[in-house]
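I'd like to ask you about the structure that follows.
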Amino acid sequence: MSFSKGNLKIFSGNAHPELAEEIAGIIGIPMGKSKVDRFSDGEISLTISESVRGCDAYVIQPTCYPVNENLMELLIMIDALRRASARRITAVVPYYGYARQERKTRARDPISAKLVANLITTAGARRVMTMDLHAGAIQGFFDIPVDHLLGVPILGEYYKQKGFTDVVLVSPDVGGVSRTRDLAEYLGAEIAILEKRRPAPNVAKIMNLIGDVEGKTVIMTDDLIDTAGTITLGAEALMNRGAKEVYACCTHPVLSGPAIERINESCLKEVVVTNTIPLPEEKQIDKIKVLSVAPLLGEAIVRVHQDASVSELFN
């Protein structure tokens with residue numbers, strides 16, 4: 001990228017250093033010099049080995065597994081940069097952990113997504129950059145600016161290159177309809193909706209299908225895939241209702257527990273994800289295709305640094 005790099009600095013914790021290095025390479029700057037280690041009792045030890053006084057600092061740290069460790073690393077690095085007189089600190093959180101606890105569904109439930117927002121703000125962040133929040137309303141939990149980037153252009157371009165015809169985009173539940181509609185509009189396709197019930201956390205039961213998938217190529221879309229119960233049961237239900245073939249995509253490949261085994265054994269042709277969360281080697285199976293979000297995040301960081309519009313990336 002050709003621009004005045006000025007005092008822009010990129011830092012990373014241990015959550016996803018590969019993504020941070022890819023972003024720094026795209027921008028054309030070296031990684032900030034820092035080291036995140038542990039004391040013998042497990043406490044986090046942080047060293048920033050260069051001056052950050054007056055700089056525009058970006059801390060790239062998805063709060064993925066191990067969630068609490070990575071969250072604490074993010075908070076401690078933000079605090080260190082603030083105390084070292086960084087001019088502006090932006091928390092770049094490609095995957096925002098605890099986003100699924102964004103409202104009370106039962107008495108005495110916590111709203112953990114709001115708590116995490118408070119922690120990031122109190123630590124000293126003056127801006128947050130994230131991707132495909134589980135609920136868009138989480139942006140309102142922050143009293144600082146939030147750049148909410150979308151994975152639709154990345155996923156949409158991939159499927160455009162596939163050259164599918166007669167495609168239907170399927171939302172795995174009613175809550176994901178707007179996300180599915182955005183991708184459907186990008187591809188010029190119709191949408192359908194699966195009605196889902198959750199009798200318990202991480203347990204899905206497919207009830208009904210709203211829409212027509214018979215004889216069509218189906219792409220199921222969601223913000224994240226955790227245990228893969230929803231997409232594998234959904235794929236089976238769609239095939240039973242006459243779909244020609246079923247693909248799935250998401251922005252955040254959480255892929256915990258039996259997810260990989262379920263995907264391998266399912267009727268899904270392919271699962272497309274992004275690298276907002278690092279994918280360990282044992283989870284890199286033939287059915288999973290990983291797309292990089294580094295160019296999008298890199299461009300967004302440059303625009304924020306230059307006080308330019310971020311929303312124009314999606315126009």
Going by atom type alone, with no hydrogens or angles, which donor-acceptor pairs under 3.5 Å involve a side-chain atom of residues 175-184 and a protein atom two or more places apart or on another chain?
unit_1	atom_1	unit_2	atom_2	d
T180	OG1	G176	O	3.1

Keeping to residues at least two apart or across chains, list the side chain to side chain donor-acceptor pair (under 3.5 Å) pairs with something in residues 21-37. E22-S292

Could you work out, with ring-ring contact (aromatic ring centres under 6.0 Å, His included) as the rule, every residue matching F164, not counting sequence neighbours? Y247

Could you please spell out the steps behind the side-chain hydrogen bond (donor to acceptor under 3.5 Å, both in side chains) verdict for S256 and D226? CA-CA 5 Å; S256 66; D226 190 353; 2.2 Å; yes

Connected via hydrophobic side-chain network under 4.5 Å: M31 and V59: no

Who passes side-chain hydrogen bond (donor to acceptor under 3.5 Å, both in side chains) against T47, sequence neighbours left out? none

Atom CZ of R103: over 12 foreign heavy atoms under 6.0 Å: no

Please write out which residues are connected to V254 in a hydrophobic cluster, directly or through intermediates, given that two of Ile, Leu, Val, Met, Phe, Trp, Tyr count as joined at side-chain heavy-atom separations below 4.5 angstrom. Y95, L224, I277

Under 6.0 Å from the NZ atom of K162, do we count more than 12 heavy atoms belonging to anything else shown? yes

Which residue pairs pass the side chain to side chain donor-acceptor pair (under 3.5 Å) test when at least one of the two sits in residues 71-83, sequence neighbours left out? N14-E73, R38-E73, Q61-E73, D79-R82, D79-R83

Throw together a table of side-chain donor-acceptor distances under 3.5 angstrom for residues 232-240, partners on residues two or more places apart or in other chains.
unit_1	atom_1	unit_2	atom_2	d
T232	OG1	A228	O	2.6
T232	OG1	G229	O	3.3
N240	ND2	E236	O	3.2

According to the ring pair (Phe, Tyr, Trp, His ring centres under 6.0 Å) rule, which pairs have a member within residues 43-73, sequence neighbours left out? none

Listing request: all ring pair (Phe, Tyr, Trp, His ring centres under 6.0 Å) pairs with a residue in residues 104-130, at least two apart in sequence or in separate chains. none

Ring pair (Phe, Tyr, Trp, His ring centres under 6.0 Å): which pairs involve residues 110-141, sequence neighbours left out? none

Any chance you could measure M72, atom CE, to L46, atom CG, to the nearest 0.5 Å? 11.0 Å

S51: side-chain hydrogen bond (donor to acceptor under 3.5 Å, both in side chains) partners, not counting sequence neighbours: none

For a side-chain hydrogen bond (donor to acceptor under 3.5 Å, both in side chains) with T251, tell me which candidate from T276, D132, D222 qualifies. D132

Tell me every residue that passes side-chain hydrogen bond (donor to acceptor under 3.5 Å, both in side chains) with N118, counting only those two or more places apart in sequence or in another chain. K114

Taking CG in D109 as the centre, count heavy atoms belonging to other residues, nucleotides or ligands within less than 6.0 Å. Is the count above 12? yes

